[in-house]
Every structure is written in C-alpha cells, then in structure tokens.
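Worksheet: one structure, shown below.
All heavy atoms count here, side chains included; hydrogens, waters and symmetry mates do not. Proteins get letters first, then strands, A, B, ... in listed order; numbering begins at 1 in each.
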Amino acid sequence: MRKKAWCEAGTGYLLLSPTLFVLLLFIIGPILFAIFLAFHKVQLLGTTTFEFVGFDNFKRMTGDLRAKIALWNTVKYVVIVVPCQTMLALVLAATLNAGLKGQKFFRIVYFLPTLTSSAVLTLIFMWMYNQNGLINDLLQAVGLPTYNWLGDPKVALNAIMVMNIWSTAPFFMVIYLAALQDIPDSLYEAAELDGANAIQKFWYVTVPYLRPVTSFVVIMGLIGTFQLFDQSYIFSAGSGGPNNSTLTVVLLIYQYAFKTLGTMGYAAALAFALAIIILIATLVQRRFSKEESLY
Amino acid sequence: MKKWLAIGMSTMLFGSALAGCSSGNEKTAGKETGGTKDEKVEVTLAGWGGNPTEQKLLQQTLDEFQKKYPNIKVKYEVISDQYMDVIKTRLVGGEGPDVFYLDAFEAPALIKTGALESLDQYVTDDFDINDFEKPLLDAFKGEDGKIYGFPKDYSTLALFYNKKMFQEAGVEVPKTWDELREVAKKLTKGTQVYGFGVAPELARLYYIAESKGGKVVTDNKASFADPKVVEALQPIVDMHLKDKSAAQPNEVGANWGGEMFGQGKAAMVIEGNWAIPFLKDTFPNLEYGTAEVPTINGKKATMAYTVAYVMNKNSKKKEAAWKLLSFLTGKEGMKIWTSKGLALPTRKSVAAELGFDKDPLRAPIVAGASYATVWQNGTNLPIITNNFNNQFVSAFLGQRPLADALKEAQETANKEIEGNK
C-alpha cells in the first residue's frame, strides 16, 4: 500500500518534472541565490569572490542617504499613482459601460496607450516634455506657467507620474469593464425603484460590487509602481537625476548591481528589502479591503 | 476565438524573436569582410558606435589590418548603449570580447579587478611606446605600474563661439574667465539666446573646480566641499542665477552643448573635437570659431578625454589580439583612424604628420593637450561624479546654496565609498 502511494507520487513528480525543473532553474533558484548574495560581499569581475558578511549589507542601508531618497521617491510615487490610476480606470470603465454611441471605438482608443512599449512611450513623452515641446506649448497657450520637466528636480518625478497614470489606467480599465458587465441589471432596477439617481447608483451599487476587482487592481498597481524602473531610467539616462529626484529603489538596485563594481551583494540586499516592503504593502491593503476570499 | 488569439499571439512573439535574430546576424555578417579562408583566427573587437563617417574609418583601418594579417579575421561588435554595463556583464560571464574600448574614466576600477591583460610583455621596440603623449598613456597604467591599454585617440575642450553673434554684439573673444563672464552678459538676449551654454557636470567642470587650489578628489575620496572648490565653481552658478547669461542645454530644449550652440541658443559653449563633425553635418551654415579655454587666475586649463584599446585577460587568442591592438594603436593604424580629424592622434609622430595643429578649428584643441587635466582620478571617480552631478544641479538651479549642496554630495559619496570597501 505504502509502496503504491510512493509509486503514484513518483509518477506524478516525473510528469511534473519539466515544470518543476523550469520553476527551480528560473524562479526558485534565482530567489535563493539572491538571498545568498544578500549576505555576502561579492566581487564578480576578475577573480570571483564571495565573502560572508552577515547582516552588514542590511546595516549599510540604514546609513545610505541615497537609499532613503530612493525609498521616499518610490513611496511618493506609489501613494499618488495607485489611487489616481485606479479611480481613472473605474471612471473610464463606467463611462464606456454606460451604453454611449461608439463605445467600442472608444474602448480601442483608450486601450492603445497600454499597447505601446513603455520604453517607446517614455521617449515620446521626453519629446513632449522638452522645454520647447508640446506640453509646454499647450500650457503657454492657456496661460499657465511652463516647466523644465526633464531638468527641474521639483517636477521630474511628477512628469513620470502623469505619464504612467496615462499609460496604465487603460489596462485596469479593461479589467473593470469585464467586471462591470457582470453586475446584474436587477440591482440597478431595484435602486431605480428606490429613487436613486445616477451618482447614487454608481456609488452604492457599482463601487461595492466591484470591490474584489478593486482589490486586485490595487494590488497589481502597488506591485507595478513599487517596481518603477524603465521610465525613470530613460528619463535620467540611468543616473536618477536631476538631484536624485527620479531615483527609485529599483534604479538604485540596478546602479549598485551593474554600475559600481563589487556591490552586487548590497544590491541583492536592497532587492530583498524591496520585496519585503511590497509584501507588507500588499498585506496592509488586504486588511483594509477586508477581502479574503479571492486571492 | 480564444484559441485563434493564442495562436496569433504566439506567432507574433515568435516572429519578433526571429526578426531580432536575423537583424543581429546581419549586423555581424556585414562587418565580416575580406581575408582568406585557411586556418583563421577570429578576434572580437567591441566598441561603441560612432557616426557613419567614424564607422567607415574604423572599417577602413580594420580592412587594412586584415590585408596585412590575412589569417586574422576581426569580428567587430558595436555596443550602442550602456557600454560599460554590457562589457562588465560579458566579462563576468566569460564572454568578453578579445579587444575593446575603455574610457580613461573607467580604467582604474577595471584594471584593479584584474580583468585586463597587462601589455608590457608584448611591447617591442618597433611599437615605440615613447611616441605616445605621456599623460594619456599614464591614464592606463595600473597601481602596479604596468600598462593595460594604449590610447587610441583623445580630445580636449575648447571654447566654441558664434562669429555672427560676436560681431553683432561687438565683443572680442574672451581670453580670461572674467572676460567670458562680461561677454556672456552682452551676448544674452532674454531666454532666447544665452551667452554661455554650460554642462553642469563634473566631467566638464573638473578643471574649473580645481583652479583655485582645491582638490575634487583626495586619497580616492571626494573632497569637493573644500571652500576653494566652492569658490571656483560659484561663478558658474552666478552666471546662471544672477547674470542669467548661462543655461544648461535642457533649459532651451537641447540635448547637449553642441546642439544648443548649433541651434543658435548659446553664443559660446565649451566642447571638444566631437562637436566639429557634428556641427559640420547638422548645422553646415553655422559660422563659428574655436579658441583655447579662457584662463582662470592667469593659468591655462582644460580637460582631456581619452579612450584606449585594452585586452581581455581571459582571451584565448592573445597573440592575434595583440596584433590587432598594436596595429590599431600603432603608427600605421592610428594614421588611418585619425586621418579625417574626427579623433586626434595620441602619438606625437602621427600628430606631427597629420598637422592638426595647423587646422584653424582644431588648433586650440590640440594646443590644450599640453596643459590639460586627464579626466580620471582613481577607482572611485564614477561614484564621486554621480553624487556631484546630482547635487550640483540643485545649486545650479538655485534651490540651495552651492556650499550646502556640495557638502551633502561629498558626505553621500564618501559614505558610499566607505560602504563599498
């Protein structure tokens, strides 16, 4: 009996082995190796050395001013971008679901930004953000002050925020749109009979019904924004400038891993810390949304 | 429906992957030209791409080399972006090219890792090592005194000025930094034309920073918060904030000084040899002249930037790699490479033969070589530079006093250096 169970399990694992192998090689292995790196001082070039340093890499973070700036920038970015893109996505989805004429056309148009590669998008936006670019021209035309979007530390991160909200909101819009079509009409009818107006229907029927989806959108948004890298990398040509204003945690990890020699261990420690921060943020979000069943 | 979508998606992905492959092959295939087929050694050479004229010149040099050594085939690879990251990663992975470009700025740190082959053992009398400009050669010497690379070319900085604007304003080309400041005021026209286009980066300000006796780097650590350095840099900030006669390129929507100058948004910029072919190609009608960088405290100063060919220590074809390296940096190869003046020769004999010191646009750049500071200082300069640039901008934009900004930058840089030990 026992032998048979083993046999069955063995066959099962044998059949699973290709998947397991891929998982181990490409996901679990690298994670374990990253944790290993985080506790070592690593020199890869020339003579490769791994020197065990215990928690030194983590201790170093507490005194690293640039790590603090990077974390602050990232948190600021998350706190502004996630609510904005979630709300924008919801509003867009609701309008597209209202049965307007030509909504299929608008659905496609709204979705287009998400289809563009983020690197290309960033380059296009850099043109528009240029001192003599489209955005400044528009601001000037309506009598608003213009900015040096790329060069002024005060606005550089905001420029990336705007761009990112614009490009990711449509993706979440599609998710909302699918969920909206699931809401039974009977709920709206009942609300109408009770004398609810359009805003009340939205607020008391649509929003609560979409809560699980909102939870998903917020979690994905949190993870995505905490990992901000490509936009700020292209914006600042990898430096995180001007004046560290576009330095994000992932960009800092990249700098330590590939720019400076011999700090791969510290970079791995930072990556590990970021993973924990994202985990905590996700847990906090789940506690707030009181939604346990879905994920 | 779903199935079709899936098939469509995978074909698209697959297609794009293939497209990536084929274009990659084409690139290398295009470069592999010439030579016979028996017993060939293939040497890889990696560098960043230049403009088309530069590429053509290099190809010409390589063709000449392959004619001379028909058994060696050179595989030329262009790493167009993030050159150092790619090189470092490839060296770590054991896939490094045999011979590659290395900027003097990055050299000390890379030499220290032991990833480069020291070249002294290969040098023959024929190669004539004393022919190189000494400061440029010294930039590629390790702490052990061995040579790890031979400089292929260099450029110094010179003052580029717009002749028409100078005529209209009725001013002379400045000889000293004080004159430059006065002239810049007269040349400025609101926010349309700035007298002086400045790059607020350490690479371009280093010689100014040290002009009052302060040191930017001391004992491989940042020391640019020194009051003497602050005093030396203050005029640059003042020109931007008080005189409003200087601006950085992105304030007028340009990407770099040469472009700003070409577009007529700056009457003066301090740039190097690289700006000359750019201006010729992009702004052929611009009338401009060059002069030596104005003196500070009566002393001449400028920067020199140089790049060398170095050899990978793990190369399996060192013999052939040395032949290539010594040809490229030898008299013959260097003469072809620098013949058009896109880059200036680091060998005295080649420089004398090509006579760029008589070329009106290039003469000030050549003259600078004798007193220039080579852009390099120890293994930690990249960290120091990154921190300096980040904070200097905030002072340049007037968000806080220069002394405070530099003090914070110095502390951050030194903490980072300390942490890396």
Among Glu411(B), Gln391(B), Glu418(B), Glu251(B), single out the residue with the greatest number of heavy-atom pairs under 4.5 Å to chain A.
Glu251(B)

Under 4.5 Å, heavy atom to heavy atom: which of residues 115-140 of chain A reach chain B? Give them by number, or say none.
Asn130(A), Gln131(A), Asn132(A)

In short, Tyr254(A) meets Gln82(B) closest at the heavy-atom pair OH-OE1, 3.9 Å

Options Gly96(B), Gly114(B), Gly93(B), Ser394(B), ranked by heavy-atom pairs under 4.5 Å with chain A, top entry:
Ser394(B)

Search all heavy atoms of Gly419(B) against all heavy atoms of Arg60(A) and return the closest pair with its distance.
O-NH1, 3.3 Å

Side chain, backbone, both or neither: which part of Arg400(B) has a non-hydrogen atom closer than 4.5 Å to chain A?
side chain

More than 12 heavy atoms of other residues, nucleotides or ligands under 6.0 Å from CZ of Phe50(A): yes or no?
yes

Between the CG atom in Leu45(A) and the NZ atom in Lys313(B), the distance rounded to the nearest 0.5 Å is 12.5 Å

Greatest number of non-hydrogen atom pairs under 4.5 angstrom with chain A, of Thr412(B), Asn314(B), Thr379(B), falls to Thr412(B)

Checking side-chain polar atoms at under 3.5 Å, does Glu416(B) have a donor or acceptor matched by the opposite partner on Tyr266(A)?
no

Let me know if Asp152(A) has heavy atoms under 4.5 Å from chain B in its side chain, its backbone, both or neither.
both

Is it true that, when you exclude Gln121(B) itself, more than 12 heavy atoms of the residues, nucleotides or ligands shown sit nearer than 6.0 Å to its CD?
yes

Please determine whether the number of non-hydrogen atoms from other residues, nucleotides or ligands lying under 6.0 Å from atom NZ of Lys141(B) exceeds 12.
yes

Give a yes or no on this: more than 12 heavy atoms of other residues, nucleotides or ligands lie within 6.0 Å of atom CZ of Phe58(A).
yes

CZ (Phe106(A)) with more than 12 external heavy atoms under 6.0 Å
no

Quickly, which of Asn387(B), Asn390(B), Asn386(B) forms a side-chain hydrogen bond (donor to acceptor under 3.5 Å, both in side chains) with Asn244(A)? Name it, please.
Asn390(B)

Select one option (side chain, backbone, both, neither) describing which atoms of Tyr147(A) are under 4.5 Å from chain B's heavy atoms.
neither

Would you find more than 12 non-hydrogen atoms of other residues, nucleotides or ligands less than 6.0 Å from Gln181(A) atom CD?
yes

With a 4.0 Å cut-off, would you call Lys415(B) and Asp64(A) a salt bridge?
no

For Phe105(A), is the CZ atom crowded, meaning more than 12 foreign heavy atoms sit under 6.0 Å from it?
no

Could you check whether atom NZ of Lys221(B) has more than 12 heavy atoms from other residues, nucleotides or ligands sitting under 6.0 Å from it?
yes

Quick check: do Gln399(B) and Pro153(A) have side-chain heavy atoms less than 4.5 Å from each other?
yes

In this structure, CG of Asn243(A) is separated from CD of Glu408(B) (nearest 0.5 Å) by 7.5 Å

Counting heavy-atom pairs under 4.5 Å with chain A, the top scorer among Asp85(B), Asp81(B), Asn389(B) is Asp85(B)

Shorter than 4.5 Å, heavy atoms on both sides: which option in Leu116(B), Val252(B), Leu91(B), Asn255(B) has the most such pairs with chain A?
Val252(B)

Determine the minimum heavy-atom distance between Phe258(A) and Thr89(B), stating which atoms define it.
CD2-OG1, 4.3 Å

Quick check on Ser239(A) against chain B: is it the side chain, the backbone, both or neither that has a heavy atom closer than 4.5 Å?
both

Measure distances from Ile383(B) to the heavy atoms of chain A and classify the residue's part below 4.5 Å as side chain, backbone, both or neither.
side chain

CG on Asn148(A) to CG on Leu397(B), rounded to 0.5 Å:
7.5 Å

With a 4.5 Å cut-off on heavy-atom pairs, point out which of Glu106(B), Lys88(B), Lys112(B), Gln248(B) contacts chain A the most.
Lys88(B)

